[in-house]
Amino acid sequence: MQVLKKHFSIGLIYKEVGRLFPALAGTLISLFYQFINLYGLIPAALLMLFILGMITGLAALSLQLISLFNLSIVQSTWLACIGGGFSFLAWITINININRQAGLQIIKINYSSRTAFILLSLILSNQILPIRVEPGTQFWDLHFKPHLAGNLGTLRSDQLTAAIQADYLRLREILPANTILFGCTPGSLEKRLRAAGVKPSDFTMVKTIIPPEHAKIFGPRRSFFLYVFRLS
């Protein structure tokens, strides 16, 4: 009985719940990026619209049940859409602030979630990549900056390695310890990440099921690799 009382007092809402709003948008965007690599832009967009429709419908139904059907389906749908818009705005705000603060050279990071990481691991490699997670761990999705995607060949090998190292060190400065970073790129970045200072025990990479010919969008035909590493 004492535990039940505490659930209705100090256990009603924990501060971590605030991370759910941007994490929802971040999860969908992380999936969308890799759906594009796997299926193409049009199928990925249609698939994402279907997923958004399902989420909106479930949220609207839940709101109706919570209100004991005092809300109409139109009202509950609008409220669900407003909640989704708030989630996206929160995600955009976090990303703009952190990338502006970081001032990274070739990488940009997007706030994401453990759910996105697990789903991408299963979809792209049929396994969950092993990585140590602690309470409060943040998950961020890594991408090369848009103007560099497909143009990395213009950088010399030593320039690319130095830029990755500089960005990695900068991320260690501004992000909490044990933050998880993950991403998917055509071609292996293993040697460059190790050269940047990522410990082997904090890094895992696996080849994905994305066909190598899909890499032609970015340049030469290469296999896609899903990688994850922890800031320590």
Side-chain angles (χ1 to χ4, degrees), residues 19 23-52 54-55 91 95 106-134 137-146 148-150 152 160-161 164 167-168 171 175 178-232:
R19 297 165 55 184
L24 172 60
T27 298
L28 294 176
I29 297 299
S30 294
L31 291 173
F32 180 57
Y33 277 134
Q34 301 314 320
F35 284 163
I36 291 175
N37 288 333
L38 184 58
Y39 302 119
L41 178 59
I42 293 178
L46 293 175
L47 183 57
M48 193 54 55
L49 286 174
F50 175 74
I51 294 173
L52 285 171
M54 288 187 62
I55 293 174
W91 178 78
N95 291 340
I106 63 172
I107 290 172
K108 76 181 188 73
I109 57 176
N110 295 329
Y111 189 73
S112 192
S113 68
R114 182 174 57 178
T115 300
F117 168 65
I118 291 174
L119 289 175
L120 287 177
S121 295
L122 291 172
I123 292 170
L124 298 180
S125 66
N126 198 34
Q127 60 180 303
I128 299 177
L129 300 187
I131 196 73
R132 182 162 61 88
V133 178
E134 298 182 0
T137 295
Q138 295 181 10
F139 285 77
W140 293 81
D141 190 3
L142 270 73
H143 301 273
F144 288 113
K145 291 186 175 182
L148 287 174
L152 292 178
L160 181 58
T161 300
I164 291 176
D167 285 351
Y168 171 70
L171 290 173
L175 293 177
N178 299 311
T179 293
I180 303 298
L181 304 168
F182 66 93
C184 181
T185 61
S188 173
L189 294 177
E190 182 176 7
K191 292 182 179 179
R192 301 189 190 281
L193 288 172
R194 293 187 187 278
V198 181
K199 298 177 182 178
S201 59
D202 293 335
F203 174 78
T204 303
M205 185 183 69
V206 65
K207 185 183 290 187
T208 73
I209 64 169
I210 300 175
E213 54 266 26
H214 292 188
K216 291 180 180 178
I217 294 291
F218 305 100
R221 182 180 185 274
R222 291 177 294 184
S223 297
F224 283 80
F225 290 86
L226 177 66
Y227 51 90
V228 57
F229 58 95
R230 183 171 59 92
L231 297 179
S232 58

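Rounded to the nearest 0.5 Å, atoms OG1 (Thr208) and NE2 (His214) are 10.5 Å apart. In this structure, CG in Leu142 is found 5.0 Å from CD1 in Ile107, a value given to the nearest 0.5 Å. Atoms CD1 and CD1, on Ile123 and Ile209 in that order, are 8.5 Å from each other to the nearest 0.5 Å. Here the CD atom belonging to Gln138 is positioned 9.0 Å from the CD1 atom belonging to Ile109, to the nearest 0.5 angstrom.
Between Glu134 and Arg132 there is a salt bridge, since at least one side-chain N of the basic residue sits less than 4.0 Å from a carboxylate O of the acidic one.
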Leu129 vs Leu226, side-chain contact (heavy atoms from CB on, under 4.5 Å): CA-CA, chis, key distance, verdict: CA-CA 9 Å; Leu129 300 187; Leu226 177 66; 3.9 Å; yes
Worked verdict on Tyr168 versus Val198 for side-chain contact (heavy atoms from CB on, under 4.5 Å): CA-CA 8 Å; Tyr168 171 70; Val198 181; 3.6 Å; yes
Kindly indicate, with the supporting measurements, whether the criterion side-chain contact (heavy atoms from CB on, under 4.5 Å) is fulfilled by Thr179 and Arg230. CA-CA 6 Å; Thr179 293; Arg230 183 171 59 92; over 6 Å; no
Would you sort out whether Leu189 and Tyr227 count as a side-chain contact (heavy atoms from CB on, under 4.5 Å), showing the intermediate values? CA-CA 9 Å; Leu189 294 177; Tyr227 51 90; 4.0 Å; yes
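Using a distance-only test at 3.5 Å, with no hydrogens or angles considered, a donor-acceptor pair links the side chain of Asp167 to the main chain of Ile106. When atom types are taken as modelled, the side chain of Ser121 and the backbone of Phe117 share a donor-acceptor pair closer than 3.5 angstrom. Using modelled atom types, no side-chain atom of Trp91 and backbone atom of Ala23 make a donor-acceptor pair closer than 3.5 Å.
Counting heavy atoms from C-beta on, the side chains of Leu47 and Leu31 never come closer than 4.5 Å. Between Phe32 and Leu28 the shortest side-chain heavy-atom distance does not fall below 4.5 Å. Using a 4.5 Å cut-off on side-chain heavy atoms (C-beta onward), Ser125 and Lys207 make no contact. Taking the side chain as every heavy atom from C-beta outward, Leu124 and Gln34 approach each other to under 4.5 Å. Side-chain contact between Ile180 and Ile131 is present, with at least one heavy-atom pair separated by less than 4.5 Å. Side-chain atoms of Leu231 and Asp202, non-hydrogen and from C-beta on, never get closer than 4.5 Å to each other. Phe224 has its side chain out of reach of Thr185: every pair of non-hydrogen atoms, C-beta onward, lies at least 4.5 Å apart. Between Val206 and Gln127 the shortest side-chain heavy-atom distance falls below 4.5 Å.
Side-chain contact check for Ser30 and Ser112: at least one donor-acceptor pair (N or O, by modelled atom type) lies under 3.5 Å. Judged purely by distance below 3.5 Å, without hydrogens or angles, the side chains of Thr27 and Ser113 pair a donor atom with an acceptor atom.
Relative ring orientation between Phe203 and Phe229 is described as tilted, the plane-to-plane angle lying within the 30° to 60° band. Note: Phe35 and Tyr39 have tilted aromatic rings, judged against thresholds of 30 and 60 degrees for the angle between ring planes. Taking the six-membered ring where tryptophan is involved, the planes of His143 and Tyr33 are tilted, since the angle between them lies from 30° to 60°.
Scanning all heavy atoms of the two residues, the minimum distance from Ile164 to Ala196 falls at CG2-CB, 4.1 Å. Closest of all the heavy-atom pairs between Arg222 and Gly187 is CB-N, 4.0 Å. Shown here for Phe139 and Val133, the closest heavy-atom pair between the two residues is CZ-CG2, 3.9 Å. Of all non-hydrogen atoms in Phe182 and Asp141, the two that sit nearest each other are O-OD1, 3.2 Å. A pairwise comparison of heavy atoms in Lys145 and Lys108 identifies CG-N, 4.2 Å as the closest pair.
Within 6.0 Å of the CZ atom in Arg114, the count of heavy atoms belonging to other residues, nucleotides or ligands does not exceed 12. The neighbour count for Lys199 NZ, taken as heavy atoms of other residues, nucleotides or ligands under 6.0 Å away, does not exceed 12. Atom CD1 of Ile42 has 12 or fewer neighbouring heavy atoms from other residues, nucleotides or ligands inside a 6.0 Å radius.
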